[in-house]
Q: 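I'd like to ask some things about the structure below.
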Amino acid sequence: MARLSDRIQPVEAEVFAEVDRFIGETVVVEDAALRAAVEAAEAAGLPSIQVSPPQGKLLALLVRLLGAKRILEFGTLGGYSAILMARALPADGQLITLEARPEYAEVARQSIERAGVGEKVEIRVGPALEALPVLEEEGAGPFDLVFIDADKASTPDYFFWALERTRPGGLIIADNVVRKGTLADASDPDEATQAQRRLHEELATDSRVSATTIQTVGAKGHDGFLIALLEGA
Ligand code: SAH
Ligand code: DHB
Ligand code: MG
């Protein structure tokens, strides 16, 4: 039997991408600044792994639904998800986004500025694990929303750090937890996959959050988000 991750056929993947295109022509139309952010990232040779437009819109809707004012993002890339979330913040809202690679952060800085949300976004350059003690010292948070989208093997570490620093009723969202279905494969050798499995297993018995994982298909293939609500609100 082929590995779980090899069982989605290319023709189905085409359908998923086609549907994303239709969604992108109707309810989720990108404006010029978002398109410019994608183009700038491509021109600078960044990998095209930002959230898809429908996924990004979901993040923006959740920011509005929460009435969020403080957001923490792990993994800036070219600033695409940061722009979408920052736009959904009120004028006095703040998004801190952590990016390991200075050259990516510079592309993001320019795109974020161009999108008109430079005042609301602070990019911190360096490995997220090194940024966290600094945030702690500054007394950053509590956050209304934490979006985890950096190095996938560290997702559980970021999640449990965020758990202590997200307000009751707030959300922690982790991208790329389903990984072509390998989430369901205990024998998958990939460290990133095992990290998502461990996170799910630990959350099963953690009464501090109520969580779900939503599988996604689309232009980025088969993946999914973990969405966890902090209890105690
Ligand atoms: N959230 C972005 C996509 C992020 S892609 C969007 O949807 O638009 C993942 C990013 O995490 C990459 O830019 C990568 O350089 C960054 N990254 C990888 N390891 C990291 C680490 N240890 N600390 C901070 N950022 C990291
Ligand atoms: C990768 C990272 C992402 O955040 C993503 O959404 C898709 C792929 C990657 O590192 O390959
Ligand atoms: Mg991602």
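As the structure lists them, so they are numbered: ligands from 1, and atoms in each ligand from 1.
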Q: Hey, which residues fall under 4.0 Å of ligand 1 on heavy atoms?
A: Ile49, Gln50, Val51, Glu73, Gly75, Thr76, Leu77, Tyr80, Ser81, Leu98, Glu99, Ala100, Arg101, Tyr104, Gly126, Pro127, Ala128, Phe147, Asp149, Ala150, Asp151, Tyr158
Q: Under the salt bridge (Lys or Arg N to Asp or Glu O under 4.0 Å) test against Arg124, which residue among Glu73, Glu130, Glu138 passes?
A: Glu138
Q: Check for me: within less than 2.8 Å of the Mg ion (ligand 3), which protein N/O/S atoms show up?
A: Asp149 OD1, Asp175 OD2, Asn176 OD1
Q: Output, or 'none' if empty, a list of ligand 2-protein atom pairs in which both atoms are N or O and the distance is under 3.5 Å, rounded to 0.1 Å.
A:
| from | atom 1 | to | atom 2 | distance (Å) |
| --- | --- | --- | --- | --- |
| ligand 2 | 4 (O) | Asp149 | OD1 | 2.7 |
| ligand 2 | 4 (O) | Lys152 | NZ | 3.0 |
| ligand 2 | 4 (O) | Asn176 | OD1 | 2.9 |
| ligand 2 | 6 (O) | Ile49 | O | 3.2 |
| ligand 2 | 6 (O) | Asp175 | OD2 | 3.2 |
| ligand 2 | 6 (O) | Asn176 | OD1 | 3.0 |
| ligand 2 | 6 (O) | Asn176 | ND2 | 2.7 |
| ligand 2 | 6 (O) | Lys220 | NZ | 2.5 |

Q: Does Glu137 CD have over 12 foreign heavy atoms under 6.0 Å away?
A: no
Q: With sequence neighbours excluded, give me every ring pair (Phe, Tyr, Trp, His ring centres under 6.0 Å) pair touching residues 144-195.
A: Phe74-Tyr158
Q: Is any NZ, NE, NH1 or NH2 atom of the basic residue among Arg167 and Asp144 found under 4.0 Å from an Asp or Glu carboxylate oxygen of the other?
A: yes
Q: Consider only side-chain heavy atoms of I, L, V, M, F, W and Y, link residues closer than 4.5 Å, and tell whether Val28 and Leu58 are in one cluster.
A: no
Q: Would you say the side chains of Thr213 and His200 form a donor-acceptor pair under 3.5 Å?
A: yes
Q: Thinking salt bridges, do Glu99 and Arg109 make one under a 4.0 Å N-O criterion?
A: no
Q: Identify which one of Asp223, Leu226, Thr193 satisfies the side-chain contact (heavy atoms from CB on, under 4.5 Å) criterion when paired with Val178.
A: Asp223
Q: Do you see a donor-acceptor pair shorter than 3.5 Å between the side chains of Ser154 and Asp151?
A: yes
Q: Salt-bridge test for Arg197 and Glu201: reply yes if a basic N is under 4.0 Å from a carboxylate O, no otherwise.
A: yes
